[in-house]
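Here's the structure we're looking at; comments come further down.
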Amino acid sequence: MSDLGVELEVEVQEEAQEIPILFLHDVERHYSQGDATLNILNGAELALWAGQSVALVAPSGAGKSTLLHLAGLLEHPDHGEVYIDGKATAILPDAERTRIRRNEIGFVYQSHHLLPEFTALENVLMPQLIRGLSRGEAKTRAVELLDYLGLKGRLNHRPAEMSGGEQQRVAIARAVANAPRILLADEPTGNLDVKTADHVFAAFTQLVRASGLATIIATHNMDIAARMDRRVTIRDGLVVELD
Ligand code: ADP
């Protein structure tokens with residue numbers, strides 16, 4: 001394991017293993033569409049333990065993004081609770097939810113969402129500076145992460161000067177820059193060709209395994225899903241294990 005893996009590794013105490021790092025309990029999310037109500041999540045349960053990877057495989061419109069937004073504290077459920085490391089989050093003030101989101105949760109989206117006017121290095125520095133790390137500490141970690149993801153030669157490139165696969169690897173580095181405990185990925189290779197997707201996904205899984213992160217990856221790609229620890233889908237508003 002590289003130095004980075006050791007550094008990123010989450011210290012999991014034995015008793016802590018009994019508590020999921022993420023637990024969606026009896027979660028409901030409904031949207032109105034004209035006169036109708038869409039019951040996207042309707043009593044959903046999902047427990048995720050440290051170090052575990054879960055593929056969320058469901059057709060478009062089934063509620064994958066909705067589930068990830070709730071898990072990532074970007075939205076509130078209409079009913080139920082989202083526990084992060086055993087802590088109920090619904091009643092927390094927004095500032096505390098933001099703190100948890102910034103420190104404990106990383107996001108990777110289908111589009112990289114990198115800041116176009118900044119280099120790869122600066123994009124990975126940014127979340128760490130916002131968290132309060134010194135520029136020196138943040139830079140050391142950003143360089144290490146980008147190197148780990150095979151981007152040593154791209155540190156000073158802006159997004160437009162990189163390929164789609166490289167952009168997405170920078171986005172992964174940025175997502176884990178603050179050493180989160182949970183990584184949520186919404187179709188992270190959806191915009192890439194098959195070969196590039198495979199390359200990016202290999203980097204993603206290597207990082208996840210080395211760091212002990214818990215991850216949910218929403219994907220249509222069955223090859224990717226097959227390489228995760230668990231596969232789940234959303235059916236009738238519930239999270240259902242696929243095997
Ligand atoms: P997926 O990620 O699986 O494609 P989403 O979670 O994005 O699915 O959306 C699930 C369903 O909820 C879709 O039918 C979508 O149109 C609907 N939906 C999502 N967000 C909203 C919203 N803010 N208002 C109304 N309907 C929404």
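In listed order, ligands and their atoms are each counted from 1.
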Whether Arg231 and Glu241 form a salt bridge (side-chain N of Lys/Arg under 4.0 Å from carboxylate O of Asp/Glu) is what I want to check. no

Under-4.0 Å salt bridge between Asp198 and Arg227: yes

Ranking Ser65, Ala218, Gly61 by closest non-hydrogen atom to atom 4 (O) of ligand 1, top hit is Gly61

Proximity winner for atom 9 (O) of ligand 1, if only heavy atoms of Leu38, Asn39, Thr66 are counted: Thr66

Tell me whether atom 22 (C) of ligand 1 lies less than 4.0 Å from at least one protein heavy-atom position. yes

Is atom 16 (O) of ligand 1 less than 4.0 angstrom from some protein heavy atom? no

Lys64 versus ligand 1: do any nitrogen or oxygen atoms come within less than 3.5 Å of each other? yes

Mark up the atoms of ligand 1 that fall under 4.0 Å of a heavy atom belonging to Pro59, in ascending order. 3 (O)

How are the rings of His25 and Tyr83 set relative to one another: parallel (under 30°), tilted (30 to 60°) or perpendicular (over 60°)? tilted

Could you tell me how the ring of His113 sits relative to the ring of Tyr109: parallel (under 30°), tilted (30 to 60°) or perpendicular (over 60°)? perpendicular

Do [X] and [Y] meet the criterion of a side-chain donor-acceptor pair at a distance under 3.5 Å?
{"X": "Ser134", "Y": "Glu137", "result": "yes"}
{"X": "Ser65", "Y": "Asp186", "result": "yes"}
{"X": "Asp229", "Y": "Gln52", "result": "no"}

Report the nearest protein non-hydrogen atom to atom 20 (N) of ligand 1: residue, atom name, distance rounded to 0.1 Å. Tyr31 CZ, 3.3 Å

Got the closest protein heavy atom to atom 8 (O) of ligand 1, with its distance? Gly63 N, 3.2 Å

Ligand 1 contacted by Ala62 (non-hydrogen, < 4.0 Å): yes

